[in-house]
Amino acid sequence: MTTNPYVAPRSTLVSPPSPATGVPFYVVSARKFTWLFIATMGHYGIYWFYRNWHLYRQYSGSRIWPVARAIFAVFFVHSLFALVKDALAEEGKLSWHAGRHAALMVILMLLSFLVDKLASESVGPPQLVWLLIPLFALQAFVWRKAQVIINVSCHDPDGQSNDRFTAANFFWMALGALYWALFLVGASATL
């Protein structure tokens with residue numbers, strides 16, 4: 001016998017990674033994304049981040065917490081966009097300045113938060129609250145661009161696989177319309 005009985009047995013303790021299935025990121029048409037983002041006053045963004053991280057976790061098998069990454073999205077935008085950029089590079093598709101795009105998104109999120117906080121604490125002129133609308137429009141534009149890039153990385157540039165509105169979409173848009181109405185009534189009181 002040439003085997004040493006005192007040597008630990010050799011075996012693979014980690015199972016090999018399973019092959020990736022599905023799409024790595026959340027695909028939605030630019031039209032549907034824009035409607036949901038604007039109608040929900042940007043709150044759709046939380047779900048958007050959750051879905052992107054959830055699908056990436058399923059696709060890659062990584063051990064991440066999609067809920068935490070959605071709630072604290074400002075800290076994870078750069079890493080999400082870096083993953084999207086890597087997916088684009090693997091496919092030999094368009095180049096994208098993911099870091100700049102993520103930085104712009106973070107700046108807009110923080111600036112909107114700051115303006116909202118100042119307006120709610122009555123710091124500065126009461127009309128400051130109206131600055132939220134152009135900031136929100138910029139955010140919608142920047143997020144929409146990111147969604148288009150994600151769609152390209154998932155081989156569905158037009159987002160046709162998720163273009164139809166569901167009953168849940170209409171429910172959230174109706175709830176968002178109430179939120180918009182409350183915002184406009186409150187903001188008009190500052191005039």
To the nearest 0.5 Å, atom NE2 of H54 lies from atom OH of Y26 at 11.5 Å

Tell me whether W65 at atom CH2 has more than 12 heavy atoms from other residues, nucleotides or ligands lying less than 6.0 Å away.
no

Is it possible for you to say whether L88 and Y56 belong to one hydrophobic cluster, with membership spreading through side-chain heavy-atom contacts below 4.5 Å?
yes

4.5 Å side-chain heavy-atom contact, P125 and W130:
no

Closest contact, heavy atoms only, G99 versus H78
O-NE2, 3.6 Å

Establish whether L108 and V106 are linked, either directly or via other cluster members, by ILVMFWY side-chain heavy-atom contacts under 4.5 Å.
yes

Taking Y179 as the starting point, is it possible to reach L36 by hopping between hydrophobic residues whose side chains are less than 4.5 Å apart?
yes

If I take atom CZ from residue R164 and atom OG from residue S29, how far apart are they, to the nearest 0.5 angstrom?
11.5 Å

Please answer whether the main-chain N or O of I64 pairs with a side-chain N or O of S62 as donor and acceptor at a distance below 3.5 Å.
no

What side-chain donor-acceptor pairs closer than 3.5 Å can you find for residues 133-146, not counting sequence neighbours?
| unit_1 | atom_1 | unit_2 | atom_2 | d |
| --- | --- | --- | --- | --- |
| R144 | NH1 | A30 | O | 3.4 |
| R144 | NH1 | T34 | OG1 | 2.6 |

Can you tell me if K85 uses its side chain to pair, donor with acceptor, with the backbone of H97 under 3.5 Å?
no

Got a sec, which residues hit salt bridge (charged side-chain N to carboxylate O under 4.0 Å, His left out) with E90, two or more places apart in sequence or on another chain?
none

For residues F33 and Y44, establish whether the separation of their ring centroids is below 6.0 Å.
yes

Can you name the residues that form a salt bridge (charged side-chain N to carboxylate O under 4.0 Å, His left out) with D163, not counting sequence neighbours?
R31

Answer yes if L114 and F72 sit in the same cluster of Ile, Leu, Val, Met, Phe, Trp and Tyr residues linked by side chain heavy atoms under 4.5 Å apart, and no otherwise.
yes

Cluster question for you: counting only ILVMFWY and a side-chain heavy-atom cut-off of under 4.5 Å, with indirect links fine, are L182 and W172 together?
no

What I'd like to find out is whether the side chain of L83 reaches to under 4.5 Å of the side chain of Y59, using heavy atoms alone.
no

Any heavy-atom pair between the side chains of F25 and L55 that's under 4.5 Å?
no

Got a sec: does the CH2 of W96 have more than 12 other heavy atoms crowding it under 6.0 Å?
yes

Flag the pair M41 / W180 as yes when at least one side-chain heavy-atom distance between them is below 4.5 Å, and no otherwise.
yes

Polar side-chain atom of D116 near backbone of S112 as donor-acceptor pair, under 3.5 Å
no

Just wondering, do V129 and F183 contact through their side chains at under 4.5 Å, heavy atoms?
yes

Could you measure the distance from the CD1 atom of I71 to the CZ atom of F49? Nearest 0.5 Å is fine.
13.0 Å

Rounded distance [0.5 Å steps], OG in S153 versus CD1 in I149:
8.5 Å

So, do R69 and N52 sit near enough that their side-chain heavy atoms are less than 4.5 Å apart?
no

Heavy-atom closest pair (S161 atom, V27 atom, distance to 0.1 Å) is OG-CG1, 3.5 Å

Quick check against the 3.5 Å criterion: does N151 have a side-chain atom that pairs as donor or acceptor with the backbone of V28?
yes

Looking at CG of N162 and CG of N169, how far apart are the two atoms once the value is rounded to the nearest 0.5 Å?
7.5 Å

Among V77, V74, L80, which one satisfies side chain to side chain contact (heavy atoms under 4.5 Å, CB included) with M105?
V77

Any side-chain heavy atom of M173 sitting closer than 4.5 Å to one from F170?
yes

Any non-hydrogen side-chain atom of F37 less than 4.5 Å from a side-chain atom of W48?
no

